[in-house]
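Convention: sequence-line order gives letters A, B, ...; per-chain numbering from 1.
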Protein chains: 2
Amino acid sequence: MARSSRTDVAVLGALSVQPMSGYAVRAAITETLGHFWSESFGQIYPALARLEAAGLVRAAADGRTSGRVFEITDDGLARLRTMLAEPDEPAPPRNGLLLRLFFGRLLGPDVCRDLVRDVRVRAEASLATYAALRREVEAEPDAGNRAYFLVTVAAGEHGARAQLAWADEALTLLAAVDDRDPH
Amino acid sequence: MARSSRTDVAVLGALSVQPMSGYAVRAAITETLGHFWSESFGQIYPALARLEAAGLVRAAADGRTSGRVFEITDDGLARLRTMLAEPDEPAPPRNGLLLRLFFGRLLGPDVCRDLVRDVRVRAEASLATYAALRREVEAEPDAGNRAYFLVTVAAGEHGARAQLAWADEALTLLAAVDDRDPH
DNA sequence: AATATCATGTAACATGTTACATGATTGG
DNA sequence: CCAATCATGTAACATGTTACATGATATT
């Protein structure tokens, strides 16, 4: 049916919170959805043009700046609800790290351990970020969407903790590999 | 530098195990790397042509079939080692499920709970698959790459268990949402 | 005045899937 | 002989990033 529906969801979703410029949509997605979503200008501006042509958003000149302010229409809100309800079909798996580690014998256990340790470090940094994010959300009064926000934060936390536990198991497995093995 | 390096890694990696046809490369990737990688014919055949032109693989007519058998060259093996050692730059995050749940207020807690339950069911199925995979690997004698295979299986297991734990936390969070809230 | 940030857009490129076209080989 | 599988390839499409071009506004 619709082209680029995922970008459309993100853009309409941002505009469902409040009207804003395309530039601000990008900033909102980066800042608020950044831990599970991303969009580039090259996607956002054509998406806004499409959505405007379809009557799902309405644009008005911004008095204060040279740009335009986009506002979601009733049709746009209805369309967003429809798209949100569509089943989420998971993308085909493509994990570059596991691809490397699977052929790790060609690399040797030392290099593989470095790859894994790197993941561990990044996972610990992520955990700290999520903890801060959680404190932020819990400090603000619930405007009705706190639970939904916390659900996404929890996903990040569980994922990062899983990476940590996996890294430790992987390091144990790799410690048992004979380094004199033919790489 | 090189175009399509990730596909090249997967294809060269498959051929580093044994020479085979392009069709068999696809089957090997699907069967053996399937839980963390995927390639389509539309990527594999052009990749093989590129790799052959670059001298990284060598093709010979297969006596038994109408097709060709591709064999990795010494240059190809060296190239594969180089590419495996390159740092893995993580893809920008794009989690369609979390995008939906973040705007879950527009959908209502009931629909969101259905989305989460679906993840839970799939995660449990994954866990069973990984358990079977682990038994398979551990039943065979170690040809020197068992630890590396187990590292990738462990990643799947930890990821699936994290999804399970997250789903339960999410269901608890969503159970507390007032369903009479304005969607 | 210079610099940073806000703002909009496009073109080139990269990567990937899906559908199609074509034919050989094998097993029932 | 017919169906399934093996085998190779291309074209169209989808999705996405990056780099570029351009200019307005705000801050120091």
Asks: Within the structure provided, determine whether A:Tyr148 and B:Val177 are in side-chain contact (heavy-atom separation under 4.5 Å).
Replies: yes
Asks: Can you see if the side chain of B:Arg26 gets near the phosphate of D:dG9 - specifically, an N or O under 4.0 Å from OP1 or OP2?
Replies: no
Asks: To the side chain of A:Arg6, which of D:dG16, D:dT8, C:dT15 is closest?
Replies: D:dG16
Asks: Remember a base hit wins even if backbone is also touched, and classify A:Thr65 as base, sugar-phosphate or nothing at under 4.0 Å, heavy atoms.
Replies: sugar-phosphate
Asks: Please check the phosphate of C:dC6 (OP1 and OP2 only) for any side-chain N or O of A:Arg68 closer than 4.0 Å.
Replies: no
Asks: State whether the side chain of B:Arg100 and the backbone N or O of A:Glu86 hold a donor-acceptor pair below 3.5 Å, judged by distance alone.
Replies: yes
Asks: In whole angstrom, give the distance that lies between atom CZ of B:Arg50 and atom P of C:dG16.
Replies: 10 Å
Asks: Measuring to OP1 and OP2 of C:dG16, would you say a side-chain N or O of B:Thr7 lies under 4.0 angstrom away?
Replies: yes
Asks: What's the CD-P distance between B:Glu39 and C:dT17, to the nearest Å?
Replies: 6 Å
Asks: For the pair A:His35 and A:Tyr130, name the ring-plane relationship: parallel under 30°, tilted 30 to 60°, perpendicular over 60°.
Replies: perpendicular
Asks: How close or far is atom C1' of C:dA14 from atom CD of A:Gln43, stated in whole angstroms?
Replies: 13 Å
Asks: On DNA chain D, does the nearest nucleotide to B:Arg64 precede the nearest nucleotide to A:Phe41 from the 5' side, or the other way round? Give the residue.
Replies: B:Arg64
Asks: Let me know the distance between CG of B:Leu99 and C1' of D:dT15, rounded to the nearest Å.
Replies: 15 Å
Asks: Between A:Ile29 (CD1) and D:dT17 (C1'), how many Å, whole number?
Replies: 15 Å
Asks: Distance check needed: D:dG9 P versus B:Leu51 CG, whole Å only.
Replies: 13 Å
Asks: Is the phosphate of D:dC6, meaning OP1 or OP2, less than 4.0 Å from a side-chain N or O of B:Tyr23?
Replies: yes
Asks: Look at the rings of B:Phe102 and A:Phe149 and say which category their plane angle falls in: under 30° parallel, 30 to 60° tilted, over 60° perpendicular.
Replies: perpendicular
Asks: D:dG16, OP1 or OP2 - any side-chain N/O from B:Arg94 closer than 4.0 Å?
Replies: yes
Asks: Once you apply a heavy-atom cut-off of 4.0 Å, does A:Gly42 come out as touching a base, just sugar-phosphate, or nothing?
Replies: base
Asks: Between D:dT10, C:dT10, C:dG16, which one does the side chain of B:Pro46 approach most closely?
Replies: D:dT10
Asks: Is any side-chain N or O of B:Ser66 closer than 4.0 Å to OP1 or OP2 of C:dA24?
Replies: no
Asks: Is the shortest side-chain heavy-atom distance between A:Glu39 and B:Pro92 below 4.5 Å?
Replies: no
Asks: Assign B:Ser40 to base, sugar-phosphate, or nothing according to its heavy-atom contacts below 4.0 angstrom with the strands shown.
Replies: base
Asks: Send over the distance from B:Glu89 CD to D:dT17 P, rounded to a whole Å.
Replies: 14 Å
Asks: If you check every side-chain atom of B:Tyr45, which of C:dT17, D:dG9, C:dT10 has the closest atom?
Replies: D:dG9
